[in-house]
Amino acid sequence: MEKRVTVKATILSLLAAGLFCQSAAAQETSFQRKIRLPLWAELDAYPGLVESGSAESGKFNYNQGIFDHAIGQMKKLTPFLLNGMIYGWEFDYTPSDKLRGVPEYFEVREIKPFDGDAKKIHYEQPWFDESKVHCWANFERDDAMVTSWKQWSDVRNPRILGLGGGKVSKGFEGIQDAAQNALKDAVRNYYRKILRNKPKQITGRVLVDKIPAILIKSGEYQLQLDFFLETGIIKEYQNF
């Protein structure tokens with residue numbers, strides 16, 4: 001009897017592993033076309049809210065009192081993240097150099113505005129717990145966007161990973177700060193590994209790959225982002 005149980009368990013494990021691999025491949029394929037973002041916002045992060053109103057099942061109701069600000073933050077966050085996932089961001093980075101008296105400089109800009117595409121975002125299945133508002137944000141890429149993603153995912157564009165923080169007290173701006181710091185962390189770590197000498201300037205473009213991971217720790221948003229990287233220019237110092 002024990003042998004039969006062991007054999008059955010082994011078969012089930014193999015089937016589960018096969019299904020997991022198929023599921024992972026399906027998710028990768030699906031991500032090329034459909035993006036599904038799990039969103040949440042801390043109610044405690046926004047003081048002064050009045051406990052009034054209620055949630056309307058299946059969609060957002062803007063007359064929800066205590067939920068208004070949190071929902072508004074999520075509706076700012078979604079197009080911001082999708083812009084990085086659909087069109088990408090460009091950066092301009094100058095590493096600090098104490099010997100030369102050069103301060104660190106890092107700037108991030110949109111490659112293309114997302115305003116016209118925001119109407120394609122669909123918010124679904126909102127639910128609330130004691131401290132957070134949750135929902136799903138769905139966006140479907142058109143054919144041109146899918147083609148662009150495939151070009152970005154070319155093996156010649158390395159993948160880089162970064163982690164950044166931003167103050168919860170700043171709300172949506174805190175998440176923007178966390179995203180910029182995550183990108184700076186990813187760029188800095190990548191070029192430190194491949195460049196022997198500290199450069200004068202690095203420019204490039206990135207596309208956010210995979211669903212961002214966001215959490216709150218010690219009063220800060222912690223944001224982890226994966227990117228495809230396309231290097232622009234690397235300027236070296238002419239003299240030491």
Side-chain angles (χ1 to χ4, degrees), residues 22-42 55-62 64 67-91 108-128 132-154 157 159-162 164 166 171-180 182-183 186 205-215 221-230:
Q22 292 177 13
S23 175
Q27 287 179 3
E28 182 71 17
T29 302
S30 176
F31 185 77
Q32 295 179 26
R33 176 68 63 175
K34 297 180 180 180
I35 299 173
R36 185 168 170 82
L37 290 174
L39 300 174
W40 57 265
E42 282 271 340
E56 182 179 340
S57 178
K59 62 180 180 179
F60 282 132
N61 179 355
Y62 272 101
Q64 292 181 72
F67 304 119
D68 284 353
H69 196 99
I71 291 171
Q73 293 294 301
M74 286 194 292
K75 291 208 166 188
K76 290 180 181 178
L77 172 62
T78 306
F80 170 71
L81 292 177
L82 286 174
N83 181 278
M85 300 170 82
I86 301 297
Y87 298 120
W89 302 322
E90 56 184 6
F91 64 87
V108 181
R109 298 178 296 273
E110 296 178 342
I111 293 176
K112 180 179 177 180
F114 198 75
D115 299 344
D117 297 292
K119 60 184 178 183
K120 301 176 185 177
I121 301 172
H122 298 284
Y123 297 92
E124 296 178 354
Q125 301 172 345
W127 75 97
F128 313 94
K132 292 177 182 163
V133 182
H134 306 261
C135 82
W136 291 93
N138 298 301
F139 184 89
E140 185 166 341
R141 303 179 203 254
D142 58 30
D143 291 343
M145 293 174 180
V146 172
T147 299
S148 175
W149 185 90
K150 290 179 179 178
Q151 292 172 344
W152 273 101
S153 62
D154 188 285
N157 292 333
R159 292 191 179 192
I160 60 176
L161 171 68
F172 170 64
E173 290 183 4
I175 295 183
Q176 285 182 306
D177 290 343
Q180 176 167 316
L183 176 54
R205 306 192 307 162
V206 294
L207 187 80
V208 177
D209 178 42
K210 300 182 180 179
I211 302 301
I214 307 174
L215 57 84
Y221 289 112
Q222 296 290 318
L223 184 60
Q224 180 175 296
L225 293 173
D226 292 78
F227 304 96
F228 294 119
L229 171 66
E230 184 181 280

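The structure presented is a predicted model; accordingly, all values stated were derived computationally and were not measured.
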Could you walk me through whether T78 and L39 pass side-chain contact (heavy atoms from CB on, under 4.5 Å), step by step?
-> CA-CA 8 Å; T78 306; L39 300 174; 3.0 Å; yes
For R159 and D209, run salt bridge (Lys or Arg N to Asp or Glu O under 4.0 Å): C-alpha distance rounded to whole Å, both residues' side-chain angles, the deciding distance at 0.1 Å, then the answer.
-> CA-CA 8 Å; R159 292 191 179 192; D209 178 42; 3.2 Å; yes
Drop me the distance from T147's OG1 to R141's CZ, to the nearest 0.5 angstrom.
-> 11.0 Å
May I have the step-by-step check of side-chain contact (heavy atoms from CB on, under 4.5 Å) for V206 and L183, ending in yes or no?
-> CA-CA 9 Å; V206 294; L183 176 54; 3.8 Å; yes
Rounded to the nearest 0.5 Å, how far does CD of E90 lie from CZ of R109?
-> 4.5 Å
Let me see the working for Y87 and D117 under side chain to side chain donor-acceptor pair (under 3.5 Å), right down to the final yes or no.
-> CA-CA 11 Å; Y87 298 120; D117 297 292; 2.7 Å; yes
Heavy-atom donor-acceptor pair, Q73 side chain to F172 backbone, under 3.5 Å | yes
How long is the span from the NE2 atom in H122 to the SG atom in C135, to the nearest 0.5 Å?
-> 13.0 Å
Are any of the side-chain nitrogens in E124 or R36 under 4.0 Å away from the carboxylate oxygens of its partner?
-> yes
Do V208 and L81 have side chains that get closer than 4.5 Å, going by heavy atoms?
-> no
Distance (rounded to the nearest 0.5 Å) between Q180 CD and L223 CG = 12.0 Å
Locate the shortest heavy-atom distance separating L215 from W40; write the atom from each residue and the value.
-> CA-CZ2, 3.9 Å
Can you tell me if D142 uses its side chain to pair, donor with acceptor, with the backbone of M145 under 3.5 Å?
-> yes
Would you please say whether a donor-acceptor pair under 3.5 Å links the side chains of Y221 and D177?
-> no
Would you find a donor on one side and an acceptor on the other, under 3.5 Å apart, between the side chain of S153 and the backbone of K150?
-> yes
Taking the six-membered ring for Trp, are the ring centroids of H134 and W127 within less than 6.0 Å of each other?
-> yes
Inspect the contact between D143 and R33 and indicate whether a charged nitrogen and a carboxylate oxygen are less than 4.0 angstrom apart.
-> yes
I86 side, atom CD1; K120 side, atom NZ - distance, nearest 0.5 Å = 9.0 Å
Are L82 and L37 side-chain neighbours, meaning at least one heavy-atom pair lies under 4.5 Å?
-> yes
May I ask you to say whether E230 pairs ionically with R205, meaning some side-chain N is under 4.0 Å from a carboxylate O?
-> yes
Validation row, ring centre F139 to ring centre F114 under 6.0 Å | yes
Examine distances only and state if a side-chain atom of N83 and a backbone atom of E110 form a donor-acceptor pair shorter than 3.5 Å.
-> no
Going by heavy atoms in the side chains, are D226 and L161 under 4.5 Å from each other?
-> yes
For G166 against A178, the heavy-atom pair lying closest together = N-CB, 3.7 Å
For the residue pair M85 and L207, establish whether any side-chain heavy-atom pair is separated by less than 4.5 Å.
-> no
Starting at CG of L77, measure out to CD1 of I214 and round the result to the nearest 0.5 Å.
-> 5.0 Å
Taking all non-hydrogen atoms of both residues, which atom of F228 and which atom of N157 are closest, and how far apart?
-> CD2-O, 4.4 Å
Is there a side-chain contact between F91 and L229 (heavy atoms, below 4.5 Å)?
-> yes
Whether over 12 other heavy atoms sit under 6.0 Å from E173 CD | no
Considering only heavy atoms from C-beta outward, does the side chain of P38 approach that of I211 to under 4.5 Å?
-> yes
Exercise: identify the closest heavy-atom pair between V146 and Q32 | CG2-O, 3.4 Å
According to the interplanar angle, ranging from 0 to 90°, do the rings of W89 and F80 count as parallel (below 30°), tilted (30 to 60°) or perpendicular (above 60°)?
-> parallel
